[in-house]
Each structure stands twice: as C-alpha cells, then as structure tokens.
Amino acid sequence: MQTAEQTRDESLVWRTARIPVKHWGHGVDAIDQMHPDVQATIERFIATWRQRYIPLDATMAQLPEDRSLVGKGLLLFGNAGTGKTTTASAILTTIRRAYGAVVFFVPFADYVQALIDHRNMRDLYQATGDEFAREKFLALQKLLDKVLTCPLVVLDDMGKEHHTSSGFAADVFDALIRGRHRNGRPTILTSNNKPGDWDKVYNASMQSFLTEACEVVAMAGRDHRRG
C-alpha cells in the first residue's frame, strides 16, 4: 500500500500530465473486460516502448535494429462510451510507471485553441506591450512545446474540434503527427471516426499516413457511460 507521501507525489505526476482526474493512477491492469485483440495490441505497445520512443540524445548504437516501430503510436477508435479515453489514460499511466517516461494528455480541440490563443496573445503583446498577453503567450508556448516534444502524448477526441473552410485544424494535425512520428515520439489518438473516414475529416494524405504513424485499434462494445 502506498504511503500518503507517495500518493501525493504520484498525484503531482498525473496532474502535470493533465490526465483526467478520474483516471489518475489507473494502469492497464485496472481495466476490466478488455477485448483480447485490444489487450494484445496494447500489451505489445507497452512491451516495445523502447523500440518506439527514441530519446533526443540517442546515439546510433542505441537505435533498434528493427526500426519499423520508431515513432509508431496507436489510434483507438469506436463509438462513444467504449473506453477509448479510459484506455488511453491507462496506457500513459503504465508507460510512466514502467519506463519513467514523461507523458501528456490533451484533447485535440484544446490544442487547436491553444495555437489560436498563442497567436492572438503574441499579436496583442507586439501591438500593445501588454504584460498579461506576454505571460499568457509564454505559458501557451510551453504547452505547445510539450505536446510536440513529450515522449508520449494522447490527443483525445480527434474530429470533435471546430473545422473551418481554411482547413486550419487539418493542417495543425498533419504537422503535429508527422513531426512527432519523424522524431521518434509515439502518439495515441482517440476518435469516434473510423479510419476510412479520416479523409473527410482531415485529408486523404493524412488518412494514408495514419497506418504508418499508428496501429489501429477498434474499440467495440456497448456505451459504458449508460451503465
């Protein structure tokens, strides 16, 4: 059993990682009734973490001989209430405990909004010298940098962000997922959208790239939120 001090320390880890509070401390082993195929894929992801994540200071000698998994994450898709966010959070927790890796959770809509706010605060500060705008800009910069560079990130609820005719959200996602994958940073995506529909939500290029950047995991079953 954990001591009160250990519990406080772990709480700080989950809070800093922005994992939803109800999922704090719950690893993969805490999930009941996981489909065998889903469980096998997740267990393989965890077991092969060192083949997927490449530290910034890695040498040639440290690179895996088989590089097919470098930067490769997971896409958990399925209807609402099938446990996508719960499972993604559990994977973050398990990776953190098993490997000590820094992990981070962010709804993709929040990330897109942070980019917009970041630009607006920059413009406001440059135009007026407003110190609040400067502080907000710097705080948002730290968030954006973390999403780009963190060893393992969950982008939750892909497809629920606001879409405009400019295709801003699609361009943001394309740049982010390609950048993370290219630099050996696996990403876990959760979405209600089937992989075959991603060309409608984003673009055909991104749909094709998904199979390179992620292993696709179908989350089936009834809506657990309804009991």
Side-chain angles (χ1 to χ4, degrees), residues 1-53 69 72-111 147 150-161 177 180 185-198 210-211 213-227:
M1 181 178 294
Q2 289 184 314
T3 65
E5 186 63 31
Q6 288 172 323
T7 300
R8 282 194 295 272
D9 289 347
E10 230 188 26
S11 296
L12 180 59
V13 170
W14 312 137
R15 182 179 293 108
T16 304
R18 296 196 176 192
I19 293 174
V21 175
K22 69 178 181 178
H23 300 311
W24 282 7
H26 289 175
V28 171
D29 57 354
I31 299 178
D32 295 327
Q33 300 178 334
M34 190 183 296
H35 188 281
D37 291 343
V38 174
Q39 182 173 354
T41 301
I42 290 172
E43 288 178 349
R44 182 170 64 250
F45 178 86
I46 294 166
T48 56
W49 171 250
R50 296 195 190 281
Q51 295 172 249
R52 297 171 187 266
Y53 166 61
L69 294 179
K72 194 154 192 170
L74 299 171
L75 166 60
L76 310 180
F77 81 93
N79 295 329
T82 51
K84 300 182 297 295
T85 298
T86 298
T87 302
S89 298
I91 297 170
L92 288 186
T93 300
T94 302
I95 290 291
R96 169 67 189 186
R97 284 175 170 164
Y99 299 98
V102 177
V103 298
F104 199 64
F105 179 104
V106 61
F108 185 60
D110 289 1
Y111 176 75
V147 174
C150 190
L152 181 60
V153 166
V154 166
L155 298 179
D156 195 42
D157 274 341
M158 297 292 311
K160 287 192 175 181
E161 68 281 355
I177 195 70
R180 288 187 54 79
R185 302 283 184 273
T187 309
I188 299 174
L189 314 173
T190 75
S191 180
N192 291 354
N193 297 302
K194 297 178 181 179
D197 295 335
W198 280 59
L210 269 179
T211 57
C214 297
E215 295 179 58
V216 178
V217 182
M219 305 290 289
R222 62 181 177 82
D223 187 342
H224 299 295
R225 298 172 186 168
R226 298 185 178 183

Side chain to side chain contact (heavy atoms under 4.5 Å, CB included) between Ile42 and Val217, intermediate numbers included: CA-CA 9 Å; Ile42 290 172; Val217 182; 5.5 Å; no
Intermediate values then yes/no, side chain to side chain contact (heavy atoms under 4.5 Å, CB included), Met158 and Leu75: CA-CA 10 Å; Met158 297 292 311; Leu75 166 60; 6.0 Å; no
Partner set under side chain to side chain contact (heavy atoms under 4.5 Å, CB included) for [X], not counting sequence neighbours:
X      : answer
Thr187 : Leu155, Ile177, Arg180, Leu189
Glu43  : Gln39
Arg96  : Val13, Trp14, Val102, Val103

Phe45: partners by ring pair (Phe, Tyr, Trp, His ring centres under 6.0 Å), with sequence neighbours left out: none
Counterpart residues, ring pair (Phe, Tyr, Trp, His ring centres under 6.0 Å), relative to Tyr111 (two or more places apart): none
Chi angles and distances behind the side chain to side chain contact (heavy atoms under 4.5 Å, CB included) call for Thr86, His26: CA-CA 9 Å; Thr86 298; His26 289 175; over 6 Å; no
Contact check, side chains of Phe77 and Met219, non-hydrogen atoms, under 4.5 Å: no
Nearest non-hydrogen partners of [X] and [Y], listed with the distance:
X      : Y      : result
Pro151 : Trp49  : O-CH2, 3.5 Å
Val216 : Pro195 : CG1-CG, 3.6 Å
Ile19  : Trp24  : O-NE1, 2.8 Å
Leu152 : Pro186 : CD1-O, 3.5 Å
Val147 : Val153 : O-CG2, 3.7 Å
Thr211 : Lys72  : O-NZ, 3.3 Å

Pairs satisfying salt bridge (charged side-chain N to carboxylate O under 4.0 Å, His left out), at least one member in residues 23-40, at least two apart: none
Enter the distance from [X]:[atom1] to [Y]:[atom2] here, rounded to the nearest 0.5 Å.
X      : Y      : atom1 : atom2 : result
Ile188 : Ile91  : CD1   : CD1   : 4.0 Å
His23  : Leu92  : NE2   : CG    : 10.5 Å
Thr85  : Asp157 : OG1   : CG    : 5.5 Å
Thr41  : Arg44  : OG1   : CZ    : 4.5 Å
Tyr53  : Cys150 : OH    : SG    : 8.5 Å

side-chain hydrogen bond (donor to acceptor under 3.5 Å, both in side chains) involving Thr190 - partner list, sequence neighbours excluded: Asp156
Test side-chain hydrogen bond (donor to acceptor under 3.5 Å, both in side chains) applied to Asn193 - qualifying residues, sequence neighbours left out: Ser191
Sequence-distant partners of Arg52, salt bridge (charged side-chain N to carboxylate O under 4.0 Å, His left out), two or more places apart: Glu215
Donor-acceptor contact present, side-chain Arg18 to main-chain Pro107, <3.5 Å: no
